[in-house]
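In what follows, a single structure is set out as structure tokens and then discussed.
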Amino acid sequence: MAKLQKNTIDKKELLADIERIKKSKNALEIDAIMAKYEKGLAEMDRRNAKKAEAQTESKKPIVKKAEVKKAEAQDKPKTGRYNGKYEVYQAADGYAYRLKASNGKVLVTSEIYTTRDGILKAINTVKKNVEVGELRVFSDKKGKFKFKMLSSNRRVLLFSANYAKEASANRAAESFKKFALKADIVDVEIKDDDLASATKIKITSTEDKTGGKYEIEESDGEFSWDLKASNGEILVQMEGYTSKASLLGSIEKFKQYVEEGTFKSIKDKTGHYQYKLYTKSNRVVAVGESYKTKTSAISAANSVVSFYKLAEVVDLNQQAKAEAKKAEKKSSKK
């Protein structure tokens, strides 16, 4: 039989073995001849494959590192860097979202929705109305400027943050149109930055006082309410509601938070003091006015506890209409 040297095959010996196979009638002998070539054939296949691979590599064009990086950058999917984002987060008694521009600036903060699905539906409604709805810039009762979004059927969908100048509100409205349609939706957890340094306020007020008022008002489609003490001092201000029903619901929720929550005092960046009302899960639901002293902030928190329960709800719009009608009747009699 032909011998295999280092798994290679000698051509002359191979031809001789082929002749032997042709003449042989013994199956065992034929199998033995064929078996000795298995390793040699496998080695030949391996060498041929390696040679072909080397030839292929030699034909590839030389690519510089800079060109490789450029190609990789082109192949990478766009990350949505310029898309902005809807940040969905858990609020005091449900869920809310805030729309951020690509630079991180907050353009819009939503009302509270009871479920996350409700938030997603609200965002979808906003996106649908970016083209067919209307953005309107206006000034509120405090002289601050903001924009609101109206749906195609004139329903108020959202309000923006406050701006000191009308031009700033107009720029924010343009940014909103740019980002609202394509912004990504992401879930985030928002923590109160002041919580670590906040100190618990000891509530000493035990008397439910009368004479307080929840003054509610509608201005250019936005509903707001103020809780005032009997002397007219503003204790709490809430705004940004799109309907009177949601506003009245928020007052009832506020009463519940006062009963179950915790007041804490914080010192802001200007050196002034405020109280914050926290839920059991340490979520902020109300922030007081800014005071020069910590004592004043503590006093305001105690006043909230004194007046919140028995305060009368007063609709300023209805009151104004009633007074105007009364004045008109009085003038007609003259």
Side-chain angles (χ1 to χ4, degrees), residues 80 82-138 140 144-163 169-192 216-225 237-254 256-257 279 281 283-287:
Y82 300 103
N83 283 353
K85 56 184 175 180
Y86 289 98
E87 290 186 340
V88 175
Y89 58 94
Q90 191 171 0
D93 54 348
Y95 293 84
Y97 73 79
R98 59 187 186 188
L99 174 61
K100 282 186 173 181
S102 58
N103 61 2
K105 186 176 181 180
V106 177
L107 299 172
V108 169
T109 300
S110 76
E111 290 187 70
I112 306 298
Y113 293 80
T114 54
T115 65
R116 186 176 179 277
D117 285 342
I119 276 289
L120 297 179
K121 289 178 181 177
I123 292 173
N124 189 46
T125 300
V126 168
K127 288 187 174 185
K128 287 180 178 178
N129 282 275
V130 170
E131 298 294 338
V132 299
E134 178 189 355
L135 288 179
R136 186 182 299 173
V137 175
F138 66 99
D140 61 19
K144 299 291 185 181
F145 292 91
K146 61 179 70 177
F147 67 83
K148 66 179 178 179
M149 184 181 197
L150 301 173
S151 67
S152 55
N153 60 359
R154 317 310 295 165
R155 183 168 66 90
V156 178
L157 298 178
L158 55 82
F159 292 95
S160 73
N162 292 325
Y163 297 91
N170 281 316
R171 285 195 296 270
E174 289 301 315
S175 293
F176 172 82
K177 285 195 291 186
K178 178 181 177 182
F179 295 110
L181 191 59
K182 297 182 179 180
D184 302 316
I185 299 175
V186 296
D187 290 285
V188 298
E189 182 179 354
I190 297 180
K191 297 181 180 179
D192 179 48
I216 67 176
E217 186 176 11
E218 183 271 331
S219 176
D220 203 19
E222 178 185 16
F223 292 82
S224 61
W225 62 263
Q237 289 186 316
M238 295 289 188
E239 61 181 17
Y241 300 97
T242 56
S243 69
K244 186 175 180 179
S246 62
L247 177 145
L248 293 174
S250 73
I251 292 177
E252 294 306 311
K253 278 288 186 182
F254 173 75
Q256 180 182 338
Y257 296 141
T279 65
S281 58
R283 298 187 183 279
V284 179
V285 288
V287 180

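None of these values were measured; they are calculated from a predicted model. We're numbering straight along the sequence, starting at 1.
- Taking the six-membered ring where the residue is Trp, Phe176 and Phe147 present tilted rings, their angle falling between 30° and 60°.
- Residues passing the side chain to side chain contact (heavy atoms under 4.5 Å, CB included) test with Ser152, sequence neighbours excluded: Asn129, Val132.
- Take Glu189 and apply the salt bridge (charged side-chain N to carboxylate O under 4.0 Å, His left out) test, not counting sequence neighbours, and it matches no residue.
- Under the rule for a side chain to side chain contact (heavy atoms under 4.5 Å, CB included), the partners of Arg171 that lie at least two apart in sequence or sit in another chain are Ala167, Ser168.
- Ser243 meets the side-chain hydrogen bond (donor to acceptor under 3.5 Å, both in side chains) test with Ser246; sequence neighbours excluded.
- Residues satisfying the side-chain hydrogen bond (donor to acceptor under 3.5 Å, both in side chains) test with Glu218, not counting sequence neighbours, are none.
- In terms of the salt bridge (charged side-chain N to carboxylate O under 4.0 Å, His left out) criterion, Glu111 has no residue partners (sequence neighbours excluded).
- Every side chain to side chain contact (heavy atoms under 4.5 Å, CB included) that Val287 has, sequence neighbours left out, goes to Gln274, Lys276, Val284.
- Looking at residues two or more places apart in sequence or on another chain, you find no ring-ring contact (aromatic ring centres under 6.0 Å, His included) involving Tyr163.
- Annotation: side-chain hydrogen bond (donor to acceptor under 3.5 Å, both in side chains) contacts of Tyr241 (sequence neighbours excluded): Ser250.
- Counting only residues at least two apart or on different chains, the salt bridge (charged side-chain N to carboxylate O under 4.0 Å, His left out) pairs with a member in residues 116-134 are Arg116-Asp187, Glu134-Arg136, Glu134-Arg154.
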Donor-acceptor pairs are to be reported for all side-chain atoms of residues 103-110 against protein atoms at under 3.5 Å, with residues two or more places apart or in another chain.
unit_1 : atom_1 : unit_2 : atom_2 : d
Asn103 : OD1    : Lys105 : N      : 3.0
Ser110 : OG     : Tyr97  : N      : 2.9
Ser110 : OG     : Tyr97  : O      : 3.3

